[in-house]
Every structure is written in C-alpha cells, then in structure tokens.
Amino acid sequence: MSARRVDCGEHGMRAPAFICGHALRAAEARTPRPFYWTDAEADEPCGWCEDCHRRYLAEGEEWIGAAEANLDLQVICVDCFREIIRLNGYA
C-alpha cells in the first residue's frame, strides 16, 4: 500500500494514481477514448491516452523525449483512476 496520499474531493484521502492530462480531460468531459495503464491494483497505478502511447512506443518504450515532454502528468486518486478505466469500457 502506498504511503503517499492525495485528498480527493469525491473520495477523500486515497493513494495516488498518475494519468496523462489528455486522458484526464477526456474523462472529465465523459468522453471515452483508448486508454493504457499499469496494474490498476498497484500501489500507484499510471495511465495514459493513445497519443501518449504512440509517443512512448516511438521512444523505445521509455518515458523520455517527446513521450515525457507531452505527457502532462496529473495526480488523481486511485478510485478516480479506476472510474476512468470503467468509463473507457475496460472493466
């Protein structure tokens, strides 16, 4: 379990998750889109959109160069993260 916590306006104090800003803005607009993520049950899961995934692959599957520069990393709570997975039709 992650020792770090974020204070979510909807879920209270929770473990953090990290997501690209593109996927977060799409979720806030309730617009499903392709979504990639690490293990959603991990202590601090990470997720990103299809465009970020293409840049990640182009950088040799590393978050460097254009992949890192365009990520717009955001911190949300793990419960919001799991809701985004469901919004995108994956669970």
- Task: Give the minimum heavy-atom separation between Glu83 and Glu10, together with the two atoms involved.
- Result: OE2-OE2, 3.8 Å
- Query: Roughly how far, to the nearest 0.5 Å, is the CD atom of Gln74 from the SG atom of Cys80?
  - Reply: 12.5 Å
- Message: Does any part of the side chain of Pro34, heavy atoms only, come nearer than 4.5 Å to the side chain of Cys49, both counted from C-beta?
- Response: no
- In short, Ile76 meets Ile19 closest at the heavy-atom pair CD1-CG2, 3.9 Å
- Item | 4.5 Å side-chain heavy-atom contact, His22 and Asp51 | no
- Task: Report the distance from atom CZ of Arg4 to atom CE of Met13, rounding to the nearest 0.5 Å.
- Result: 13.0 Å
- Which atom of Phe35 lies closest to which atom of Tyr90, heavy atoms considered: N-OH, 3.4 Å
- Item | Polar contact flag, side-chain donor to acceptor under 3.5 angstrom, His53-Glu61 | no
- Are any of the side-chain heavy atoms of Leu24 and Ile84 separated by less than 4.5 Å? yes
- Report yes if some heavy atom in the side chain of Glu68 is under 4.5 Å from a heavy atom in the side chain of Arg55; otherwise report no. no
- Task: Quick one: closest heavy-atom pair of Ile64 and Glu59, and the distance?
- Result: O-CG, 3.3 Å
- Item | Distance in Å, Tyr56 OH paired with Asn70 CG, rounded so as to fall on 0.5 Å steps | 16.0 Å
- Query: Where is the tightest heavy-atom contact between Glu50 and Tyr36, given as atom of each residue plus distance?
  - Reply: CA-CE1, 3.7 Å
- Which heavy-atom pair separates Arg25 from Asp72 by the least distance, and what is that distance? NH1-OD2, 2.8 Å
- Message: Just verifying a value: how many Å separate Leu71 CG and Cys46 SG, rounded to the nearest 0.5 Å?
- Response: 9.0 Å
- Task: Please confirm whether Phe81 and Trp37 have ring centers closer than 6.0 angstrom.
- Result: no
- Message: Using the side-chain contact (heavy atoms from CB on, under 4.5 Å) definition, which of the options Asp39, Ile85, Val78 pairs with Pro45?
- Response: Val78
- Message: Check this for me, if you would: do Arg14 and Asp7 make a salt bridge, where the nitrogen-to-carboxylate-oxygen distance has to be below 4.0 angstrom?
- Response: no
- Query: Side chains of Cys20 and Leu73: does their closest heavy-atom pair fall under 4.5 Å?
  - Reply: no
